[in-house]
Amino acid sequence: WCKGWNKDRARDGKYPGVPFQGEKDWQKYEVARRLKDVVHTIRAQYRKDWKSKELKKQQRAVALYFIDKLALRAGNEKEEGETADTVGCCSLRVEHIQLHRRLDGQEHVVEFDFLGKDSIRYYNKVSVEKPVFENLQLFMKNKDPTDDLFDQLTTTFLNKHLQRLMDGLTAKVFRTYNASITLQEQLKALTNPEDNVAGKLLSYNRANRAVAILCNHQRSVPKTFARSMEVLQEKIDAKKKQVEEAQEGVKKAEDEFKETKDAKAEANVEKKKKLLKRLEEQLAKLNVQATDKEENKQIALGTSKLNYLDPRITVAWCKKFGIPIEKIYNKTQREKFAWAIDMAGEDFEF
DNA sequence: AATAAGGACTCAGAAACGTAGCG
DNA sequence: ACGCTACGTTTCTGAGTCCTTAT
């Protein structure tokens with residue numbers, strides 16, 4: 001009962017020393033927000049370090065660039081053989097990247113192909129800045145495919161460096177920071193105040209999706225995906241037909257009104273128009289659903305929503321556009337993010 | 001001072017579960 | 001009404017991060 005008392009009564013921040021519900025989470029996002037203030041100098045710093053005379057610093061600077069730009073994981077070394085052969089940034093091997101001086105009209109392209117956490121494949125082609133490209137060429141020189149790309153670098157060394165740049169900063173903070181800032185930017189860019197709730201929710205999902213893609217959160221295509229897509233398409237087709245019929249209905253009613261000019265016929269016109277409008281809205285909603293579903297085929301939104309996105313951004317967005325929070329967070333999630341729902345106003349900025 | 005071992009905590013996707021809506 | 005199914009939610013369990021401590 002003691003636990004229960006703690007949970008219900010004490011964990012609201014009123015009692016010093018008793019952590020409030022979600023405090024750990026809150027702290028995590030506060031660290032990420034502090035990174036926002038210094039990220040520019042950090043970027044300037046690693047740019048400079050690309051030109052460093054020390055190989056170790058060069059490697060650290062390029063790795064950090066990947067972690068920042070591509071939201072790669074740190075990549076600790078782990079015992080060989082015992083575990084699956086997966087890598088992160090610092091444990092990348094020569095065989096995991098290919099360099100293209102130009103590709104598809106872009107310059108200095110790095111092609112990544114490796115297995116990351118949980119053996120999820122990371123495949124990406126990225127145009128990088130010229131010094132990075134040249135550094136990579138240098139790091140790969142005279143090496144076998146199975147050699148470490150960053151042979152001078154460890155996660156410990158990298159994190160020590162980051163700790164010096166900002167209190168509490170580690171490699172994974174970049175993931176949190178970039179995920180949250182991307183959500184905020186995308187929401188700003190995609191939300192149209194004129195849209196109805198369904199349209200705004202689609203925008204939210206798209207912003208969420210941009211983050212999931214950045215963090216490489218994948219899922220296998222659900223077994224029932226093709227089937228349920230078909231069903232949805234059938235619904236759309238049926239609805240289209242209904243809309244057409246309703247259009248004819250309107251026309252018919254209008255013709256009748258022209259002939260008779262009586263009030264009853266006029267009321268009928270209004271009725272038919274209303275019906276048409278309702279059906280058109282339903283059709284639009286279905287189309288939105290279909291788009292959303294297709295775009296989401298292989299992307300898992302849950303992980304970023306739960307672990308990377310500062311919930312206050314979402315809460316603020318909901319408040320600003322009058323979206324009920326239940327449309328985004330289910331009951332469990334609302335409990336998890338209760339602190340944020342409580343804390344954030346519509347003008348919260350990450 | 002560098003490295004290894006261990007462990008707390010966080011993150012990852014999918015299987016299992018429950019239920020609302022459908023015919 | 002009644003079973004079915006598709007879907008959202010919860011649970012499960014393993015993987016990865018990063019810190020502390022021992023050597």
Side-chain angles (χ1 to χ4, degrees), chain A residues 19 22-32 56 63-64 67 71-92 114-122 152-180 201 205 208 211-235 238-239 282 286 289-290 292-293 296-311 326-337:
Chain A
E23 176 158 0
K24 266 276 177 63
D25 229 22
W26 171 72
Q27 277 172 352
K28 175 176 81 179
Y29 291 114
E30 285 306 299
V31 173
K56 208 171 171 175
L64 193 45
I67 285 169
L72 298 190
R73 293 192 184 79
N76 282 298
E77 52 270 61
K78 34 179 216 173
E79 43 190 327
E80 243 170 285
E82 294 293 311
T83 49
D85 179 25
T86 62
V87 296
C89 186
C90 294
S91 48
L92 237 28
F114 62 90
L115 298 182
K117 181 178 175 181
D118 292 303
S119 297
I120 301 292
R121 185 181 181 202
Y122 183 93
Q152 304 290 302
L153 190 63
T154 65
T155 52
T156 311
F157 179 64
L158 176 68
N159 277 335
K160 280 249 176 69
H161 173 65
L162 292 176
Q163 190 59 238
R164 275 196 297 274
L165 298 177
M166 187 193 101
D167 183 43
L169 187 59
T170 62
K172 70 173 226 152
V173 176
F174 281 88
R175 253 167 101 76
T176 311
Y177 162 73
N178 277 310
S180 286
L201 285 173
N205 275 340
N208 192 167
V211 175
I213 289 167
L214 175 71
C215 293
N216 200 39
H217 292 140
Q218 300 189 23
R219 64 166 182 175
S220 48
V221 177
K223 286 188 253 317
T224 55
F225 184 84
R227 176 80 195 110
S228 67
M229 206 61 192
E230 266 175 44
V231 171
L232 188 55
Q233 194 54 51
E234 279 165 23
K235 269 190 188 169
K239 193 64 74 182
Q282 285 172 348
L286 283 173
Q289 254 182 48
D292 206 30
K293 203 181 178 81
N296 226 25
K297 195 172 171 177
Q298 302 186 68
I299 315 286
L301 300 185
T303 302
S304 51
K305 198 169 173 180
L306 235 55
N307 301 304
Y308 287 100
L309 301 175
D310 188 330
E326 303 83 47
K327 297 275 180 192
I328 310 263
Y329 293 142
N330 67 32
K331 198 175 153 220
T332 345
Q333 292 164 343
R334 289 201 296 279
E335 277 166 27
K336 178 178 163 74
F337 298 136

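All chains are named by letter (A, B, ...) in the order of the sequence lines, taking the proteins before the strands, and each is independently numbered beginning at 1. We use all heavy atoms of the structure for the numbers below, so side chains are in, but hydrogens, waters and symmetry mates are not. Not measured: the values here are computed from a predicted model.
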Practice item. Show the numbers, then the answer: is there a side-chain contact (heavy atoms from CB on, under 4.5 Å) between A/R73 and A/I67? Key: CA-CA 7 Å; A/R73 293 192 184 79; A/I67 285 169; over 6 Å; no
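- Contact between the side-chain N/O atoms of A/N76 and the OP1/OP2 oxygens of C/dG16 is not found at any separation under 4.0 Å.
- A/D310 approaches A/S180 most closely through the heavy-atom pair N-OG, 3.0 Å.
- Counting only distance, with no hydrogens or angles, the side chain of A/R219 and the backbone of A/L301 share no donor-acceptor pair below 3.5 Å.
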Check your understanding: Nucleotide by nucleotide, 5' to 3', does protein get under 4.0 Å of the base (B), only the sugar-phosphate (S), or neither (-) in nucleotides 15-23 of chain B, counting heavy atoms?
Key -> ---------
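- Taking the side-chain contact (heavy atoms from CB on, under 4.5 Å) definition, one finds that A/K305 meets it with A/N208, A/I328, A/Y329, A/Q333, sequence neighbours left out.
- Backbone-only engagement by A/S220 is indicated by non-hydrogen atom pairs under 4.0 Å involving sugar-phosphate atoms exclusively.
- With rounding to whole Å, A/F157 atom CZ is found 16 Å from C/dC18 atom P.
- Rounded to whole Å, the distance from CG on A/L158 to P on C/dG16 is 18 Å.
- Listed pair A/T170 / C/dT17 fails the phosphate criterion, with no side-chain N or O lying under 4.0 Å from OP1 or OP2.
- In this structure, A/Q163 places its CD atom 11 Å from P of C/dC18, rounding to the nearest Å.
- Rounded to whole Å, atom C1' of C/dG8 lies 15 Å from atom CD1 of A/I328.
- Rounded to a whole Å, the CD atom of A/E79 is 18 Å from the P atom of B/dT3.
- Residue whose closest nucleotide on DNA chain C sits further toward the 5' end, between A/G168 and A/A84: A/A84.
- If you check every strand for non-hydrogen atoms under 4.0 Å, A/T86 touches sugar and phosphate atoms only.
- Closest non-hydrogen pair, A/D25 versus A/F337, comes out as OD2-CE2, 3.8 Å.
- Regarding A/E77, its CD atom lies at a distance of 16 Å from the P atom of B/dG6, rounded to whole Å.
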What protein N or O atoms touch nucleotides 7-11 of chain B N or O atoms at under 3.5 angstrom, if any, and at what distances?
| from | atom 1 | to | atom 2 | distance (Å) |
| --- | --- | --- | --- | --- |
| B/dT10 | O3' | A/K172 | NZ | 3.0 |
| B/dC11 | OP1 | A/K28 | NZ | 3.4 |
| B/dC11 | OP1 | A/K172 | NZ | 3.3 |
| B/dC11 | OP2 | A/K28 | NZ | 2.8 |
| B/dC11 | O3' | A/Y308 | OH | 3.2 |
| B/dC11 | O2 | A/K117 | NZ | 2.7 |

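- Of all non-hydrogen atoms in A/A300 and A/Q218, the two that sit nearest each other are CB-O, 3.7 Å.
- In this structure, the side chains of A/H217 and A/S304 come closer than 4.5 Å at one or more pairs of heavy atoms.
- Residue contacts for A/A171: at a heavy-atom cut-off of 4.0 Å it reaches the sugar-phosphate backbone alone, with no base atom in range.
- Toward the 5′ end of DNA chain C lies the nearest nucleotide of A/Q333, the other residue of the pair A/Q333 and A/T155 mapping further downstream.
- The minimum heavy-atom distance linking A/I213 with A/I299 is given by the pair CG1-CD1, 3.7 Å.
- Whole-Å rounding puts the A/K78 NZ to C/dT17 P distance at 8 Å.
- Taking all atoms of both residues into account, the shortest heavy-atom contact from A/T86 to A/S119 is CG2-OG, 3.6 Å.
- Nearer the 5' end of DNA chain B, as judged by each residue's closest nucleotide, is the contact made by A/K160, out of A/K160 and A/S304.
- Note on A/N159: a side-chain N or O is less than 4.0 Å away from OP1 or OP2 of C/dC18.
- Atom pair A/L115:CG and C/dG16:P shows a separation of 10 Å (rounding to whole Å applied).
- Within the 4.0 angstrom heavy-atom criterion, no nucleotide atom of any strand lies near A/G88.
- A/K235 places no side-chain N or O within donor-acceptor distance of the main-chain N or O of A/E230, the cut-off being under 3.5 Å.
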